[in-house]
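What follows is a short report on a single structure.
What you see below is based on every heavy atom in this structure, not just the backbone, and it leaves out hydrogens, waters and symmetry mates.
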Amino acid sequence: MNTVSAKNITKKYDQITALNNISFEARSGEIFGIIGPDGAGKTTLFRILTTLLLADSGEATVDGHDVVKDYKQIRQTIGYMPGRFSLYQDLTVEENLNFFATIVHTTVQENYDLIKDIYQQIEPFKNRKAGKLSGGMKQKLALCCALIHKPTVLFLDEPTTGVDPVSRKEFWEMLKKLKEQNISILVSTPYMDEASLCDRIAFIQEGKFLEIDTPAAIIAGFGEKLWTAEVGDMYKLLLDLRSNPHVKSCFTFGENHHITIDDTLTIGELKEYLTQKGNTQVEIHPTEPIIEDCFMKITEQKQHG
């Protein structure tokens, strides 16, 4: 069963197209990730789906309700956690939670089982003002407030941006447990490593969806020979690799360059070429693609038509 459906959603701000003919469906009880850089259109899409913004054209439904005609019903059944911390900074943890429960006509006690595992981690700080919490604690409080009315669909807009790695890991563990409650979770993120934690993902770039599939299927469809290359002067190595006619693409990944090559080139030949260019102690190894490799490849293909 599909809980979110969008068809040909387009939104412009003056001359800038924020969303360009977006269509997709999210299923009940799945984590659907929207993966892309800042400015790609993720927040605009979430604001349209949560009835906070009107699209210029297209249509969308959430739980079968139209986002324009049935906005009141949708607001009662969804949870929304915006990218920027939006709770009341001068209220305590407990006061924020009680306030949000009240405005959606419920109580903390009524749905406590849903937030129990999350709230117990911040309960020792229940009398602390929200503005004084750490990034990870703010994140947990915001999630509790978004869940307190037991939503059927949860929208999380870049929930782990600016959060430490430990809190990011804990947050995704929470999402796995929430999925077991048959809650549909739509999460946007610029972090490619989080894509593999979703059931399905959509790559978004410049307001367009580039591909929608499972992370495993996207990686399986990479279809290129991929090597990593490393040397002391990484910038020179990047330029030299990109100047080789047999190197199809080259991008920096941490301490390595990931390169795709045509079938006529061997590792030995590439090492010899780089040595002649003045590179020393070059290390080149075959490697398996990751989601970021796939995103870069698909983006480049779309740019070249």
Side-chain angles (χ1 to χ4, degrees), residues 1-4 24-36 42-43 45-47 49-50 62-63 77-87 93 96-97 100 104 108 111-123 133-204 212-219 290-292 295:
M1 177 183 174
N2 296 319
T3 53
V4 179
F24 77 101
E25 293 178 335
R27 301 163 187 160
S28 177
E30 79 168 343
I31 300 178
F32 187 92
I34 300 174
I35 317 296
K42 303 187 297 294
T43 296
L45 177 60
F46 273 26
R47 287 177 177 171
L49 295 175
T50 55
V62 177
D63 261 349
T77 60
I78 64 168
Y80 177 44
M81 184 174 162
R84 186 174 296 178
F85 185 68
S86 59
L87 303 185
V93 168
N96 265 291
L97 192 56
F100 279 91
V104 289
V108 175
N111 293 318
Y112 185 71
D113 286 345
L114 188 61
I115 66 166
K116 178 181 177 182
D117 291 342
I118 308 168
Y119 186 67
Q120 283 180 340
Q121 299 178 48
I122 58 175
E123 193 169 17
L133 296 173
S134 67
M137 290 297 178
K138 285 181 177 178
Q139 177 198 59
K140 293 180 178 70
L141 175 58
L143 184 57
C144 284
C145 291
L147 287 169
I148 195 58
H149 59 302
K150 201 171 184 178
T152 56
V153 185
L154 183 62
F155 293 89
L156 306 173
D157 190 8
E158 298 194 2
T160 58
T161 299
V163 177
D164 65 273
V166 173
S167 294
R168 280 177 62 192
K169 183 178 180 181
E170 289 177 348
F171 188 84
W172 279 93
E173 290 297 325
M174 296 174 202
L175 296 190
K176 288 180 183 177
K177 292 181 180 179
L178 289 174
K179 192 180 77 164
E180 295 171 0
Q181 303 283 335
N182 210 34
I183 297 174
S184 297
I185 302 171
L186 277 74
V187 56
S188 71
T189 177
Y191 299 127
M192 296 291 166
D193 61 317
E194 293 185 343
S196 61
L197 303 174
C198 302
D199 297 308
R200 288 190 303 139
I201 58 173
F203 286 145
I204 187 171
I212 302 175
D213 212 328
T214 66
I218 289 176
I219 290 174
I290 57 176
I291 284 291
E292 194 165 357
F295 180 79

- Message: Please report the interatomic distance OG1(T189) to CD1(I35), rounded to the nearest 0.5 Å.
- Response: 5.5 Å
- When T50, T77, V62, I183 are each screened for side-chain contact (heavy atoms from CB on, under 4.5 Å) with V153, the one that passes is V62
- Item | Approximate separation, where rounding is to 0.5 Å, of L97 CG and E123 CD | 10.0 Å
- Message: Please report the interatomic distance CD1(I148) to CG(N96), rounded to the nearest 0.5 Å.
- Response: 12.0 Å
- Here the side chain to side chain donor-acceptor pair (under 3.5 Å) pairs for residues 133-147, sequence neighbours left out, are K140-E170
- Do L156 and L175 come close enough that some side-chain heavy atom pair is under 4.5 Å? yes
- Message: Suppose the criterion is salt bridge (charged side-chain N to carboxylate O under 4.0 Å, His left out): which pairs have a residue in residues 149-163, not counting sequence neighbours?
- Response: K42-E158
- Query: Under 6.0 Å from the CZ atom of R47, do we count more than 12 heavy atoms belonging to anything else shown?
  - Reply: no
- Considering all heavy atoms of both residues, which atom of P151 and which atom of A146 are nearest to each other, and what is their separation? CG-O, 3.6 Å
- Minimum-distance pair of heavy atoms, taken over all atoms of C198 and I31: CB-O, 3.6 Å
- Task: Specify whether F24 and F32 have parallel, tilted or perpendicular ring planes, treating 30° as the upper limit for parallel and 60° as the lower limit for perpendicular.
- Result: parallel
- Report the distance from atom CG of L154 to atom CD of Q181, rounding to the nearest 0.5 Å. 12.0 Å
- Which pairs, with at least one residue in residues 179-199 and sequence neighbours excluded, count as a salt bridge (charged side-chain N to carboxylate O under 4.0 Å, His left out)? R168-D193, R168-E194, K179-D199
- Message: To check you understand the geometry: which heavy-atom pair defines the closest contact between I201 and A195, and what is its length?
- Response: CG2-O, 3.6 Å
- Query: Step by step, would you call L143 with L147 a side chain to side chain contact (heavy atoms under 4.5 Å, CB included)?
  - Reply: CA-CA 6 Å; L143 184 57; L147 287 169; 3.8 Å; yes
- Note on the structure: d(L178 CG, I118 CD1) to nearest 0.5 Å is 5.0 Å
- List the atom of S188, the atom of P159, and the distance in Å for their closest heavy-atom pair. O-CD, 3.4 Å
- Sole candidate of D63, T152, T3 that passes side chain to side chain donor-acceptor pair (under 3.5 Å) when paired with S184: T3
- Item | Side-chain touch I290/I219, heavy atoms, less than 4.5 angstrom | no
- Task: Give, for atom CD1 of I218 and atom CZ of F295, the distance between the pair rounded to the nearest 0.5 Å.
- Result: 11.0 Å
- Does any non-hydrogen side-chain atom of F46 lie less than 4.5 Å from one of I34? yes
- Query: With a 4.5 Å heavy-atom cut-off, do E173 and K177 have their side chains touching?
  - Reply: no
- Task: State, to 0.1 Å, how close E25 and R200 come at their nearest heavy-atom pair, and which atoms those are.
- Result: O-NH2, 2.6 Å
- Message: Tell me the closest heavy-atom pair linking Y191 and T161, and the distance in Å.
- Response: OH-CA, 3.7 Å
- Query: Are T160 and V187 close enough that some pair of their side-chain heavy atoms sits under 4.5 Å apart?
  - Reply: no
- With side chain to side chain contact (heavy atoms under 4.5 Å, CB included) as the test, would you mind laying out the steps for M174 and D117 before giving the verdict? CA-CA 8 Å; M174 296 174 202; D117 291 342; over 6 Å; no
- Item | Identified side-chain contact (heavy atoms from CB on, under 4.5 Å) partner of F155 from the options L45, I185, L186 | L186
